[in-house]
Amino acid sequence: MSVTDQDKREEVERVSQVIAVINNRIDALAQQVSEVSTDIVGIRKHFWDDVTVNFEDVTEAAETYASIKQQAEVLSERERSHRHALKQLKTMKRLVQTPYFGRIDFVEAGEDSAESIYLGIASLLDEKDEHFLIYDWRAPISSLYYDYPPGPAQYETPSGSIAGEITCKRQYMIRDGQLLHLFDTSVTIGDELLQEVLGKQADTQMKSIVATIQKDQNQIIRNEKSKLVIVSGAAGSGKTSAAMQRIAYLLYRYRKTLQAEQVVLFSPNSLFNSYVSTVLPELGEENMQQTTFQEYTEHRLGAYFDLEHPLEQMEYVLCSMQEPEYNARLEGIRFKSSALFMQVIDHYAESLKRSGLHFHDLTFLDRTLIPSDQIHDYFYSLDPSLPIPNRMSLVARWLLAELKRLERTERNKPWVDDELELLDKEDFVKAYQSLRRKNQYRDDSFDDFDRERDLLAARIVTRLFKPLRAEIQELGFIDSQAVYRQLFSQPELLSSFLPAADCPEDWTTICAHTLERLDHKQLAYEDIPAFLYLKERLEGFQTNTLVRHVFIDEAQDYSPFQFALIQRLFPRAKMTVLGDWNQAIYAHAYDSSSFEGVSSLYEPEQTEMFLLTKSYRSTRPIVLFTRQLIAGGEQIEPFHRDGLVPSITSAAHEAARIDMIHSRILEMQKNGHQTIAIITKTAAEAEKAYQQLHELITLRLISSHTISFDTGVLIIPSYLAKGVEFDAVVIYDASRAQYQHERERKLFYTACTRAMHELHLFYIGEISPFLLDISPDSYVWNH
């Protein structure tokens, strides 16, 4: 259906009318916010003027309490009203810029006329609060827009399915209150609008364009029944965007029972957290909790170990190939991160029910109160059929009883008298008052002073025993480090848990490396999940039952241990994991190609998997080029957006490459590109490139410590660029010297797929073998 001039005039008029309603709403809300704010200031200022304070008797005290409570409730109600009005005001100010982006005309079955349904980022009623001028994109009826072309359609509501027919589907581009563009479409989302959105320069922060949600993304966003949602998608297919919109949808759908703090996003790094930080506020929701797995482990283990950062491990894998024990470390990384090693830990934990556990002595003032062997004997005297955490709870109860008995014997020790001499007058006064309250203090009685001494002694011992009680309650008497160390100090243990064929060839060397790190209170990155998993098997899994939804982005980087830990940490949460195995750049994931590590934790009927094959980030020429870098790349569908073909440039020497890159950047800046990334393989190479370029052009070096970045020219290591997009990308060194091993192929692919509009590769000497099989029609070669 074509849009007539009359249609355009009517649509322009409607935009003006809706904006007028929004502006009126903004004025009213601004007035309400101001008035309520004045009320709050007044109530706080005169809070005690309206409260009668009298504690002379019980009745007066009760009246005083009631008066304070009533005044506090008035203040609390006004504060709630202020927050609500302020939130609405912010939403209206966003809405006035772009009131809506789509429309469907829907005739419900049994009705004669169609209802025009306009979609925006928030709902808006007319001035009589009778009819919807705009429907929120997350409302049930809005799913029609994303899921159906004109024709028969239906949508789900809490009361059941509603069927009917879509007679018109229209899209708009409204900016700053002006209708710039509109067209009717018969497809899910009009390519014309998507072309417009994708043709713009990349912002430094991810923007979630709800007008361009595709049908397959919409199914992900609105999935409510599955315990586990797995999204496997190509680079630039909209995985992260769908995840953010899914969070916004869930917070809207369950707004009476679900709060933003009950949603947790595990993201790749802090830089990525900054990148997505504005998405939910743009959609009208508060931000969820964001963290990284490393931050969680630092919180749990940082006080006991120096933990290796995943990016430190990455730098080692990429830069230390010449070291003699490199292959053993690589084998150790893969094995310790595998489902096989998780089975080993499970078998090992089961064997510890019978023998092998280690405990700490309970010490006090450099004396051993309860030796570790006594704790050991008590533990193994308990019913061996009980799970280890249950037996640990019984041990803790026994230790607290022993501690209580020991407290009484400690009160008469000489050290207590030494402590008594250090007490000040206030302590004695408190002891005297305590005895008087208990009617134990009798004037002129000889033993009053003995009682006072006993009371003070008991208080001193109780206070100094307090850290011991806390240690027992936190199961600090378990020597988890010794238990984990034992697995490597006795290499032969592995063969009792695994067939010989499954054991690593370099297991003895791997054990030696592990022990050396443990001697220095260090945990390699590959040991962190395994150690934490074993610790939880011994102590019982720490759980957070408040969180209802967990999102894991870049899930291909997670090991089976990490998935298992997260599932047990949030036992009541549904999980959404998103990833791309073609971007599995960490050493432990080189040989993996599926999400078995997480899907095995759930029943098949609880799991739903979505496959996104269409890439929207990059232009068609860039996708046609990059998909040739990986096996199975032909399955990736490019979006029909034209652009420059990638270039590959050979430089004679280092100075020539720097000049060429400099010239290329100046040219791209003239073309209007705002975010240009020079992507290096490693952090060391990024530092080198920065030193060579920073005097020629303004640029910023991005490191693992960077928490945000602005527009401009950036130099960034390949693994930090994952998940982020740029207007243009320069691959600093695409030579064989940098990218030759098969395990580096996915890293190279990941770096190239960061480009939205332009991709340029430079090299000196021999070109990377990954580029040798690329079709010559896919790029321009310069030399």
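Computation of the quantities below employed the complete heavy-atom set of this structure, encompassing side-chain atoms and omitting hydrogens, waters and symmetry-equivalent molecules.
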**OP:** Check whether any side-chain N or O of Gln556 sits under 3.5 Å from a backbone N or O of Asp580 as a donor-acceptor pair, and report yes or no.
**Re:** yes

| task | Return yes when atom NE2 of His299 has more than 12 non-hydrogen atoms of other residues, nucleotides or ligands closer than 6.0 Å, and no otherwise. | result | no

Checklist entry - Salt bridge check: are Glu725 and Arg754 linked by an N-O gap of less than 4.0 Å? => result no

key: Side-chain donor-acceptor contact under 3.5 Å, Ser226 with Gln606   = no

Keeping Asp346 on the side-chain end and Ala349 on the backbone end, is there a donor-acceptor pair under 3.5 Å?
no

Please check: side-chain N/O of His757 versus main-chain N/O of Val729, any donor-acceptor pairing under 3.5 Å?
no

### Query
With distance as the sole test, does Gln262 use its side chain to make a donor-acceptor pair with the main-chain N or O of Leu546 at under 3.5 Å?
yes

- Item | Neighbour count >12 (heavy atoms, 6.0 Å) for atom CD, Gln635 | no

### Message
Under a 3.5 Å distance rule, please check whether Asp727 uses its side chain to pair with a backbone N or O of Thr675 as donor and acceptor.
### Response
yes

Under-4.0 Å salt bridge between Lys614 and Asp216: no

* Are Glu744 and Tyr749 linked by a side-chain donor-acceptor pair shorter than 3.5 Å? -> no

Distance under 6.0 Å and angle within 45° of the ring axis: does Lys681 meet both against Tyr739? yes

Over-ring placement of Arg300 relative to Phe305, 6.0 Å and 45° cut-offs:
no

Should the pair Trp507 and Phe488 be assigned to parallel (<30°), tilted (30 to 60°) or perpendicular (>60°) ring geometry?
tilted

Donor-acceptor contact present, side-chain Gln217 to main-chain Gly238, <3.5 Å
yes

**Asked** So, Glu637 and Thr613: side-chain donor and acceptor under 3.5 Å apart, yes or no?
**Response** yes

Above 12 or not: heavy atoms from other molecules or residues under 6.0 Å from CD of Glu516? no

Taking every heavy atom of Ala677 against every heavy atom of Ile716, the minimum-distance pair comes out as CB-CG2, 4.3 Å

pair Gln289-Leu265: side-chain heavy atoms closer than 4.5 Å: no

Hey, are the side chains of Leu569 and Tyr296 touching, using non-hydrogen atoms and a 4.5 Å cut-off? yes

* To do: Please report the C-alpha distance between Asp553 and Lys239 in whole Å, then the side-chain angles of each, then the deciding distance to 0.1 Å, and finally whether the salt bridge (Lys or Arg N to Asp or Glu O under 4.0 Å) criterion is met.
  => CA-CA 8 Å; Asp553 206 359; Lys239 298 183 297 295; over 6 Å; no

| message | Quick check: do Thr514 and Lys336 have side-chain heavy atoms less than 4.5 Å from each other? | response | yes

Note: Ser615 and Val623 closest approach over all heavy atoms is OG-CG2, 3.8 Å

When you check the side-chain N and O atoms of Thr753 and Arg617, is any donor under 3.5 Å from an acceptor? no

Is the backbone of Lys722 close enough, under 3.5 Å, to the side chain of Thr750 for a donor and an acceptor to pair up by distance? no

| Does Pro717 reach the side chain of Thr682, with side-chain heavy atoms less than 4.5 Å apart? | no

Classify the side-chain pair Tyr316/Glu308 by whether it contains a donor and acceptor separated by less than 3.5 Å. no

Looking only at the side chains, is there a donor atom on one of Ser559 and His588 sitting less than 3.5 Å from an acceptor on the other? no

message = Pair Lys227, Glu608 - check salt bridge (Lys or Arg N to Asp or Glu O under 4.0 Å), show working.
response = CA-CA 8 Å; Lys227 184 79 172 175; Glu608 188 157 3; over 6 Å; no

Could you tell me whether Arg517 and Asp527 make a salt bridge, using a distance below 4.0 angstrom between a side-chain N and a carboxylate O?
no

message = When you measure from the side chain of His309 to the backbone of Leu311, do you find a donor-acceptor pair of N or O atoms at a distance under 3.5 Å?
response = yes

Quiz item: Passes salt bridge (Lys or Arg N to Asp or Glu O under 4.0 Å), Glu742 versus Arg745? Steps please.
Solution: CA-CA 5 Å; Glu742 191 58 31; Arg745 179 181 291 275; 2.7 Å; yes

Has the side chain of Arg657 got a donor or acceptor atom that lies under 3.5 Å from a matching backbone atom of Tyr763?
no

message: Strictly distance-based, threshold 3.5 Å: is any side-chain N or O of Gln567 a donor or acceptor partner for the main-chain N or O of Ala564?
response: no

Taking every heavy atom of Tyr326 against every heavy atom of Val317, the minimum-distance pair comes out as OH-O, 2.6 Å

Q. So, are Glu634 and Arg627 salt-bridged, with charged N and O less than 4.0 Å apart?
A. no

| Is the closest side-chain heavy-atom distance between Arg568 and Gln542 below 4.5 Å? | no

Q.
Closer than 4.0 angstrom, basic N to acidic O: yes or no for Glu331 and Arg334?
A. no

Heavy atoms of Leu538 and Ser480 approach each other most closely as CD1-OG, 4.4 Å

With side chains defined as the heavy atoms from C-beta onward, is the minimum distance between Gln738 and Ser768 less than 4.5 Å? no

Note to self: Check this for me, if you would: do Glu325 and Arg329 make a salt bridge, where the nitrogen-to-carboxylate-oxygen distance has to be below 4.0 angstrom?
What the structure shows: no

Nearest heavy-atom contact between Arg620 and Phe639 is CB-O, 3.6 Å

Self-check item: Asp773 atom CG, over 12 foreign heavy atoms within 6.0 Å
Solution: no

Of Tyr484, Tyr525, Phe561, the one forming a ring pair (Phe, Tyr, Trp, His ring centres under 6.0 Å) with Phe531 is Tyr484

* If we only count heavy atoms from C-beta on, is the Ser599 to Ile230 side-chain gap below 4.5 Å? -> yes

*Are any non-hydrogen side-chain atoms of Lys535 and Ile478 less than 4.5 angstrom apart?*
no

